[in-house]
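Data first, discussion second: the structure below is written as structure tokens.
Numbered from 1 within each chain, the chains take letters A, B, ... in sequence-line order.
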There are 2 protein chains.
Amino acid sequence: MNLPPLAAIRVFEAAARHGNFTKAAEELGMTQAAVSYQIKLLEERVGTALFLRLPRQVVLTEVGARLAPSTTEAFEILRAAFATTRESADGVLTITTIPTFAATWLVPRLGSFQMEHPSLAVRLKSTRDMLDFARQEADVGIRSGETKWPGLVCHKLFYANFTPMLSPALAASIGGIKTPQDILKLPVLDPGDPWWTIWFKLVGIEKPELRGDVRNRLGDQHLEGRAVLAGQGVGILTPVFFQSELQQGQLIQPFDVVGSGKHAYWLVYPEARRNVPKIRAFRDWVLSHIDEIKM
Amino acid sequence: MNLPPLAAIRVFEAAARHGNFTKAAEELGMTQAAVSYQIKLLEERVGTALFLRLPRQVVLTEVGARLAPSTTEAFEILRAAFATTRESADGVLTITTIPTFAATWLVPRLGSFQMEHPSLAVRLKSTRDMLDFARQEADVGIRSGETKWPGLVCHKLFYANFTPMLSPALAASIGGIKTPQDILKLPVLDPGDPWWTIWFKLVGIEKPELRGDVRNRLGDQHLEGRAVLAGQGVGILTPVFFQSELQQGQLIQPFDVVGSGKHAYWLVYPEARRNVPKIRAFRDWVLSHIDEIKM
DNA sequence: TATCTTCCATAAGTACACCTTATGGATCGC
DNA sequence: GCGATCCATAAGGTGTACTTATGGAAGATA
């Protein structure tokens with residue numbers, strides 16, 4: 001028991017509503033001939049006339065009249081369903097992001113995005129997994145990595161720079177930090193982090209003897225940041241993530257020397273969806289705020 | 001706010017129900033590739049993924065899950081609507097017929113048709129208007145006319161023959177009818193009917209002087225037949241319409257001479273619908289019963 | 001660990017359905 | 001009688017919605 005061609009049903013629905021093929025054609029954006037064709041098709045399929053052709057009008061037959069309300073109802077349901085999904089899909093921006101970026105950069109700034117786009121709700125999914133738009137429901141993502149990804153639009157936000165940071169109290173405990181060597185006097189969080197060796201090499205120290213438990217591994221930089229803020233040791237952190245703490249003096253960056261790996265943070269989204277409004281809005285917002293950092 | 005392509009919606013509905021593109025393809029009688037294509041199309045149109053592509057399965061996204069029940073509901077409505085119309089359209093045979101044919105031939109025999117086709121209901125529309133299948137809801141029609149009609153399948157049932165008839169009592173009132181002249185002694189119903197002159201010419205009487213009021217015009221032959229049966233006068237009638245009355249002796253046909261015009265009675269229906277089962281059934285039934293008459 | 005199977009995506013090619021243009025017929029109104 | 005309105009039909013082009021073919025990814029199986 002198959003349905004007749006849906007295109008024909010749609011045409012019938014419109015024609016029945018208008019009681020007029022020409023008007024139905026207008027509504028559907030096609031010619032009157034096409035409407036006539038589709039109705040005829042449907043009538044052949046159903047095996048019964050659906051309209052009586054009177055001189056200057058068409059009138060539903062009994063069968064047609066019984067059919068019409070149902071079809072209208074069905075299309076109303078479809079219209080309603082797709083209208084709301086469009087709304088809801090348009091109105092919610094889902095972001096998957098690395099926890100570090102979420103905690104240190106994104107969340108503190110999200111308020112400004114909301115201000116600019118009051119009609120957009122934001123849903124944040126913070127996960128360390130590599131994101132895959134085919135397997136996760138998300139509109140945009142923040143990734144860290146070295147290169148671009150195929151199939152995705154990739155905006156490089158900034159490189160994952162790093163430099164030692166510590167709390168003022170900790171610095172004061174040894175009378176302030178003047179030279180890189182001073183850091184070696186203090187406990188270091190996650191001394192196994194390769195960033196340390198890279199950075200010390202930049203300042204001319206080949207094999208720094210770091211104090212601290214090698215097994216310390218907080219995993220995410222923002223957790224390390226919390227520890228540093230609490231004065232538990234020196235961390236090697238990415239400055240952009242701690243701008244406000246630096247400005248407010250809660251954190252000290254003793255040296256301008258900044259290491260930089262190949263890793264960068266990226267804003268990414270599927271190429272196919274590059275023109276979805278909410279995605280464009282988010283992209284524009286992120287990029288303009290990244291520009292502010294660089295300035 | 002236009003709906004996405006309906007074909008795509010239908011595919012989505014099936015895919016959502018099965019949670020499996022391959023099975024959906026089977027149900028719809030198409031290939032898996034086509035399903036994949038349509039879903040992708042719909043997702044682009046909606047602007048959101050509707051399925052998550054997991055390793056060996058697809059799962060509805062949030063948006064897809066919200067959409068799916070509505071689409072299923074809509075299609076259920078359509079399926080139900082078209083299923084019942086098909087039933088009802090298949091189960092009711094609407095016949096438009098000339099009143100004479102209805103009263104004298106069809107109605108007395110309809111019982112046998114019902115017996116042969118118990119699943120078919122019959123609706124009779126008896127009207128003198130020329131029937132036009134474009135303007136009337138009918139499956140088949142009985143017309144009288146001289147030639148075939150374009151666009152219609154036309155089965156000639158019998159010619160509109162005619163011969164004088166009267167009630168036995170009326171005949172007895174003048175001692176029986178032996179020659180055509182005897183008819184002139186009796187009142188004649190509708191003496192203005194051209195059939196009279198034609199018939200009398202056949203029996204060698206050029207200008208019969210008919211008794212009776214020229215203004216008598218019962219219009220339909222079956223009404224004239226009633227009057228004849230009541231003994232109100234001699235009528236000129238079509239024998240096939242009064243077979244049973246003749247057999248039972250309620251009516252007398254004094255002469256075998258039968259006039260015949262060019263007019264015939266036809267069974268007609270639109271060519272396009274010649275293979276609709278109920279129409280074939282009725283045609284077969286009518287034609288076989290007409291054959292009985294001729295035999 | 002390797003092989004097979006399942007399930008989906010994608011590319012390329014094709015056919016038919018669907019729509020358009022053009023025309024004609026019928027009726028109503030002025 | 002003439003124009004306007006509304007639908008039917010024929011002919012013809014085109015794009016969409018398929019198909020076939022292939023490949024990739026990940027369970028299942030052994």
Side-chain angles (χ1 to χ4, degrees), chain A residues 2-12 14-45 49-61 64 130 132-136 150-152 270-272, chain B residues 2-45 49-61 64 130 132-136 149-152 270-272:
Chain A
N2 273 336
L3 278 175
L6 289 169
I9 299 181
R10 166 144 76 182
V11 170
F12 167 74
R17 239 182 318 109
H18 286 107
N20 181 313
F21 288 6
T22 309
K23 293 218 183 79
E26 278 170 29
E27 173 183 317
L28 298 171
M30 53 197 215
T31 58
Q32 169 269 321
V35 171
S36 181
Y37 168 84
Q38 292 286 8
I39 298 287
K40 189 176 180 185
L41 211 73
L42 187 60
E43 288 178 329
E44 274 168 22
R45 180 64 177 269
L50 298 173
F51 288 96
L52 295 179
R53 275 69 170 181
L54 303 185
R56 281 164 59 105
Q57 56 178 333
V58 287
V59 178
L60 284 167
T61 63
M130 274 294 267
D132 181 343
F133 286 100
R135 309 193 181 181
Q136 259 188 290
L152 299 179
E271 273 174 5
Chain B
N2 274 336
L3 278 175
L6 289 169
I9 299 181
R10 168 149 69 187
V11 170
F12 168 74
E13 193 269 335
R17 240 182 318 108
H18 287 106
N20 181 313
F21 288 5
T22 308
K23 292 219 184 80
E26 278 169 28
E27 174 182 318
L28 297 171
M30 52 197 218
T31 59
Q32 168 270 322
V35 171
S36 180
Y37 168 84
Q38 292 286 6
I39 298 287
K40 190 177 180 185
L41 211 73
L42 187 60
E43 289 179 328
E44 275 168 22
R45 179 64 176 268
L50 298 173
F51 287 96
L52 294 178
R53 275 67 169 182
L54 302 186
R56 281 165 57 107
Q57 57 178 332
V58 287
V59 178
L60 284 167
T61 63
M130 275 293 267
D132 180 343
F133 286 100
R135 309 192 180 181
Q136 260 187 291
W149 292 267
L152 298 179
E271 274 173 5

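Between B:Q57 atom CD and D:dG27 atom P the separation is 9 Å, expressed in whole Å. Remark: C1' of D:dC7 and NE2 of A:H18 are 16 Å apart, rounded to the nearest angstrom. Counting to the nearest Å, the P atom of D:dT5 and the CG atom of A:N20 are 12 Å from each other.
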**Prompt:** After noting the C-alpha distance and the side-chain angles of B:R10 and A:L3, does the key distance pass the side-chain contact (heavy atoms from CB on, under 4.5 Å) rule?
**Reply:** CA-CA 10 Å; B:R10 168 149 69 187; A:L3 278 175; 3.8 Å; yes
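Side-chain contact between A:K23 and A:V35 is absent, with no heavy-atom pair separated by less than 4.5 Å. Residues B:T31 and B:F21 are not in side-chain contact: their nearest non-hydrogen atoms beyond the backbone lie 4.5 Å or more apart. Looking only at side-chain heavy atoms (C-beta outward), B:E43 and B:F51 come within less than 4.5 Å of each other.
Within the 4.0 angstrom heavy-atom criterion, only backbone atoms of the sugar-phosphate kind lie near B:T22; the bases stay farther away. As judged by a 4.0 angstrom heavy-atom cut-off over every strand, B:R56 is placed among the base-contacting residues. Across all strands shown, B:V35 has no heavy atoms under 4.0 Å from either base or sugar-phosphate atoms.
Under the side chain to side chain contact (heavy atoms under 4.5 Å, CB included) test applied with B:V11, the options B:I39, B:L6, B:L41 reduce to a single match, B:I39.
Here the straight-line distance linking atom CG of B:L28 with atom NE2 of B:H18 works out to 8.5 Å at 0.5 Å rounding.
A distance-only check finds a donor-acceptor pair linking the side chain of A:T61 to the backbone of A:A49 [under 3.5 Å].
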Distances under 3.5 Å between protein N/O atoms and the N/O atoms of nucleotides 11-18 of chain D, please, pair by pair.
from	atom 1	to	atom 2	distance (Å)
D:dC18	OP2	B:Q38	NE2	2.8

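Ion pairing between B:R17 and B:E13 holds under the 4.0 Å rule for side-chain N and carboxylate O.
Contact footprint of chain A on DNA chain C: nucleotides with an atom under 4.0 Å from a non-hydrogen protein atom, first to last in 5' to 3' order, C:dC18 to C:dC28.
With the nearest nucleotide of DNA chain D identified for both B:Q32 and A:K23, A:K23 has the one nearer the 5' end.
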